[in-house]
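Before any comments, here is the structure.
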Amino acid sequence: MIPKTKFPKGFYFGTSTSAHQVEGGNNNDWTQWENKNAEHLAEVAQKNVRQWSELALDAQVKENYISAEACDHFNRFEQDFYAMKKLGLNAYRFSIEWSRIEPEEGKFDKAAIDHYRKMIRVLKTYNIEPFVTLWHFSLPIWFVKKGGFGSKNSPKYFARYVRKITQAIGQEVEYLITINEPEIYTMESYWVGKWPPQKKNPIIASRVFFNLIRAHKAAYKTIKKINPRIKVGIAKNNSYFESFKNKFVNRQLKRLADKYWNDYFLTKINDYQDFIGLNYYFHNRIDGWFYQNENRATSDLGWELYPRGMYYVLSDLKKYRKPIFITENGLADALDKYRGSFIEKTFKSIRLALQSGADVRGYFHWSFMDNFEWAEGFWPKFGLFEVDYKTQERVPRPSAKKYADLIKVLSQE
Ligand code: BGC
């Protein structure tokens, strides 16, 4: 029998959010895009209504696609942190909104910086460790006008912002995440063209991708120069690619997918990362091509639920010999049918990975509360807490209690 590996002491049990998805009141490239596209997105949803689950009825109204006040987390963070504490969470991953800090090029907003400092202070009074993401998809308008991450100067602009933030909060944080999901951003914004700036251009896409590698390295060096004690990484979306029936073609496709989707960015920055942040959502079966589902349980977004894949993805990351934090993992599940057991099974997979020697140090569930799911808008519900957007009331779903119970058990092993 395999000995039951204990969860490491000091394991972080957290949740994850990002600024634009929860704060409300932002003014960035997404805000502009939402105002321009909301009506059209609602019309498309109306036409496709038969294909949508009933839960997605909200998708037919324009308001669904405008982040507006979102969860008003910007003003309600203290109340949210208190709820986290009550659940027994000891870590929180959130992002700083670049467009608030530097609304105009080179002009930094002191009040915005103080706001994030205050968030960190309050988290600390609750003994909740802040994991701070410096950039999670939304961008200042001036930066986009200069070409966004397609511009060769973008790493320099990013590093300037990172310097400012590190000077302001560097003494108070231990973990900084520079970039969230470089592949997803490049793909959605520059390859399939679903997200702003809606380009469908492989040449610009590859330019963006390589600039993100440069931007991360520049940020890493900047942070380390100011405070070498801070641990720096990225949040990387890795999938579990499974080659079916062990066919030759499938094995080759898996090799390519692993190499370019899972490993490429990490290999390029490996000398510039102190840990790996893993965002795990997808299992991809390969049988002649890539397929996600096999009539298994799916989330409200139609994504296959495959908590077992967490084990495979974590095992694969062992080769980097770095500590791993699972910076995101979760599902859209408005009725909370699957979330509780999904979390439980995911922790079984994490334990298996620990047994096999993976250095896993934390898990952040996506998400603390329902929020603005980018081009899908508000209808997909990823929250442990349900949010009533009219009153901003947060109500814990049963899975929140389940997660709290699991934390109690696992943290006392
Ligand atoms: C992103 C989040 C997003 C989540 C669910 C991740 O790719 O980092 O911003 O809400 O997945 O789709």
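No experiment lies behind these values; they were computed from the predicted model shown. As the structure lists them, so they are numbered: ligands from 1, and atoms in each ligand from 1.
The single protein non-hydrogen atom nearest to atom 4 (C) of ligand 1 is Tyr281 OH, 3.4 Å, given as residue, atom name and distance. Looking only at protein heavy atoms, the nearest one to atom 1 (C) of ligand 1 is Glu328 OE1, 3.3 Å.
Each of the following atoms of ligand 1 lies closer than 4.0 Å to a heavy atom of Glu373: 3 (C), 5 (C), 10 (O), 12 (O). Using a 4.0 Å cut-off to heavy atoms of Glu181, the atoms of ligand 1 that qualify are 1 (C), 6 (C), 7 (O), 8 (O). Heavy-atom contacts of Gln21 reach the following atoms of ligand 1: 2 (C), 3 (C), 9 (O), 10 (O) (cutoff under 4.0 Å). Short contacts between ligand 1 and Trp303, defined as distances under 4.0 Å to a heavy atom of the residue, involve ligand atoms 12 (O). Ligand-side atoms of ligand 1 in range of His136: 1 (C), 2 (C), 8 (O), 9 (O), range being under 4.0 angstrom from any heavy atom.
Aromatic ring centres of His115 and Phe74 lie closer together than 6.0 Å.
The shortest N/O to N/O separation between Asn180 and ligand 1 falls below 3.5 Å.
If you take NZ on Lys225 and OH on Tyr220, they are separated by 13.5 Å, rounding to the nearest 0.5 Å. Rounded to the nearest 0.5 Å, atoms CD1 (Ile184) and CH2 (Trp195) are 6.5 Å apart.
The local environment of CD in Gln252 is crowded, with over 12 non-hydrogen atoms from other residues, nucleotides or ligands closer than 6.0 Å.
The side chain to side chain contact (heavy atoms under 4.5 Å, CB included) check on Trp191 picks up Met187, Pro202, Ala205, with sequence neighbours excluded. Ser95 is linked by a side-chain hydrogen bond (donor to acceptor under 3.5 Å, both in side chains) to nothing, counting only residues two or more places apart in sequence or in another chain.
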